[in-house]
Amino acid sequence: MSFKNSPVLVVHGGAWAIPEDMLEAHRRGVAAALSAGYHLLERGASAVDAVETAVSILEDDETFDAGRGSFLTSDGRVQMDALLMDGGTLRAGGVACVERIRNPIRAARLVLDKSPHVYFVADGAEAFAQANGMPLIDNQELVLERERERLRQAQDELRQGVADATFSGRAERFSGELLSHDTVGAVALDAHGNLAAGTSTGGTLNKAPGRVGDSSLIGCGCYADNLSAAVSLTGWGEPIMKLVLGKWAVDRVQQGTPPARAAEEAIAYLFHRLGGYGGIILLGPAGRVGVAHNTPHMAWGVQSSRGVEVHTEQA
Ligand code: ASP
C-alpha cells in the first residue's frame with residue numbers, strides 16, 4: 001500500500017481470536033476511530049491530534065481493552081497504560097497504572113505537551129493530569145459487569161488448574177476467552193509530513209496490580225520518529241517488551257525495509273525468538289503501511305485519500 005503526499009491514518013483494536021459475535025463491534029469501533037481521526041487530518045490537523053482522537057474514541061468504546069471496559073486486575077480494578085509520541089519532535093508522553101482517568105491517551109497528551117518528563121505512573125500520573133485540568137473519576141466507573149464475570153471465570157479456571165497464572169505463555173490458546181488482546185492504537189502521517197503513534201490498554205486479564213505491559217513503554221508497544229516510522233503493537237506484552245519490538249520494527253524501516261515487510265518480520269521475530277503472539281501496525285514517512293499478526297484475527301483499518309478499509313481478518 002502506498003499513499004504518498006497525503007495524510008494516512010491506521011488504527012487497531014487488538015489481535016486475538018475475536019469471537020464471531022464480536023467481529024462487527026470491532027469493525028464499527030475501528031471505523032468510528034478512523035473517521036474521526038482522518039476528518040482532523042484532512043483539515044490539516046497534526047498527526048498527534050489525529051492519533052489522540054482516534055485512540056480516545058477506541059478507549060470510550062467498551063468493546064476494547066482500554067478505558068471503560070478494560071480487563072480487571074486480579075483484585076478487580078481497572079489499571080491502564082498509554083503512550084503518545086510525536087515523530088516530528090520525538091516528544092513523548094506516557095502514563096501507567098492509572099485508575100481514575102477516563103481517557104489515558106489524553107493524560108499522555110498532557111504529559112507530552114506540558115511536562116519536561118516523559119513518563120508518569122499511578123498517583124503521580126493522576127495528580128499531574130488533575131493539576132493540568134483533567135477531572136479524576138471513580139475507578140468503578142470504568143468497571144463493567146462483563147469484566148467482573150470474565151475475571152471470576154478466569155480465576156475459577158486458575159483454581160482448577162486449567163490455565164497458567166498469566167493466561168498467556170504456555171497456555172496461550174485461541175479458542176476460549178482466556179487469551180484476548182484488545183488493546184487499541186493508532187499511527188498517523190499528517191499533511192505536513194509528520195508521524196505520530198499512540199497505544200492505550202487495560203493490560204492483560206487478571207494481571208497483578210502494578211504490572212505494566214509493552215503498550216505504554218517507549219519503543220516497545222509504541223514509537224514514532226519521522227526519520228524511521230510510527231508503530232503500535234498489541235499482543236502478549238512481556239515478549240514484546242523483552243524484544244523492544246516497536247523500535248526493532250521502525251529501525252528496519254529506517255534501514256530500507258518496506259513497512260509491509262518490516263511488519264511481517266517483526267511478528268515472525270516475536271514468535272521465533274520468544275513464542276509470542278500479537279499484531280502490529282506500521283506507517284513509514286512516505287505513507288506506506290505495514291500490518292501483520294500471528295493471531296487468527298486482528299481488528300484494524302486504514303484511511304487515506306484512497307478511501308477506507310476495515311479488517312478483522314488476516315492482514
Ligand atoms: N499488550 C498488552 C499488554 O500486555 C495487551 C494487549 O495488547 O491486549 O498489556
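Just follow the structure's listing: the first ligand is 1, and inside any ligand the first atom is 1. Side chains are part of it too, since the values below use all heavy atoms of this structure and drop only hydrogens, waters and symmetry mates.
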Min heavy-atom dist Ser215 to ligand 1 below 4.0 Å: yes
Enumerate the atoms of ligand 1 whose separation from the nearest heavy atom of Gly203 is less than 4.0 angstrom. 9 (O)
Side chain, backbone, both or neither: Asp81 near ligand 1, heavy atoms under 4.0 Å: neither
Report yes if Asp182 has an N/O atom closer than 3.5 Å to an N/O atom of ligand 1; otherwise report no. yes
What is the nearest protein non-hydrogen atom to atom 6 (C) of ligand 1, stated with its residue, atom name and distance? Thr183 OG1, 2.6 Å
Which is it for Arg150 and Glu147 under the salt bridge (Lys or Arg N to Asp or Glu O under 4.0 Å) test, yes or no, and what are the steps along the way? CA-CA 5 Å; Arg150 203 182 225 165; Glu147 294 305 323; 2.9 Å; yes
Atom indices of ligand 1, in the order listed, that fall short of 4.0 Å to a heavy atom of Thr234: 6 (C), 7 (O), 8 (O)
Which of the listed options, Gly235, Gly213, Gly237, holds the heavy atom that is closest to atom 2 (C) of ligand 1? Gly235
Can you figure out which of Arg211, Met80, Met241 has its heavy atom closest to atom 4 (O) of ligand 1? Arg211
State the atoms of ligand 1, each with its element, that fall below the 4.0 Å cut-off from a heavy-atom position in Thr204. 4 (O)
Show the atoms of ligand 1 that are less than 4.0 angstrom away from any heavy atom in Asp214. 1 (N), 2 (C), 3 (C), 4 (O)
Using a 4.5 Å cut-off on heavy atoms from C-beta on, say whether the side chain of Tyr223 contacts that of Ile218. yes
Carefully, step by step, assess Glu149 and Arg146 under the rule salt bridge (Lys or Arg N to Asp or Glu O under 4.0 Å). CA-CA 5 Å; Glu149 181 48 36; Arg146 176 193 79 199; over 6 Å; no
Could you go step by step and tell me if Arg211 and Glu238 meet the salt bridge (Lys or Arg N to Asp or Glu O under 4.0 Å) rule? CA-CA 10 Å; Arg211 177 262 188 193; Glu238 279 71 9; 2.9 Å; yes
Just wondering, are more than 12 heavy atoms of other shown residues or ligands nearer than 6.0 Å to CD in Gln255? yes
Candidate pair Asp49 and Arg109, rule salt bridge (Lys or Arg N to Asp or Glu O under 4.0 Å), full reasoning: CA-CA 9 Å; Asp49 283 342; Arg109 177 65 188 264; 2.7 Å; yes
Tyr277-His293 aromatic ring centre distance below 6.0 Å: no
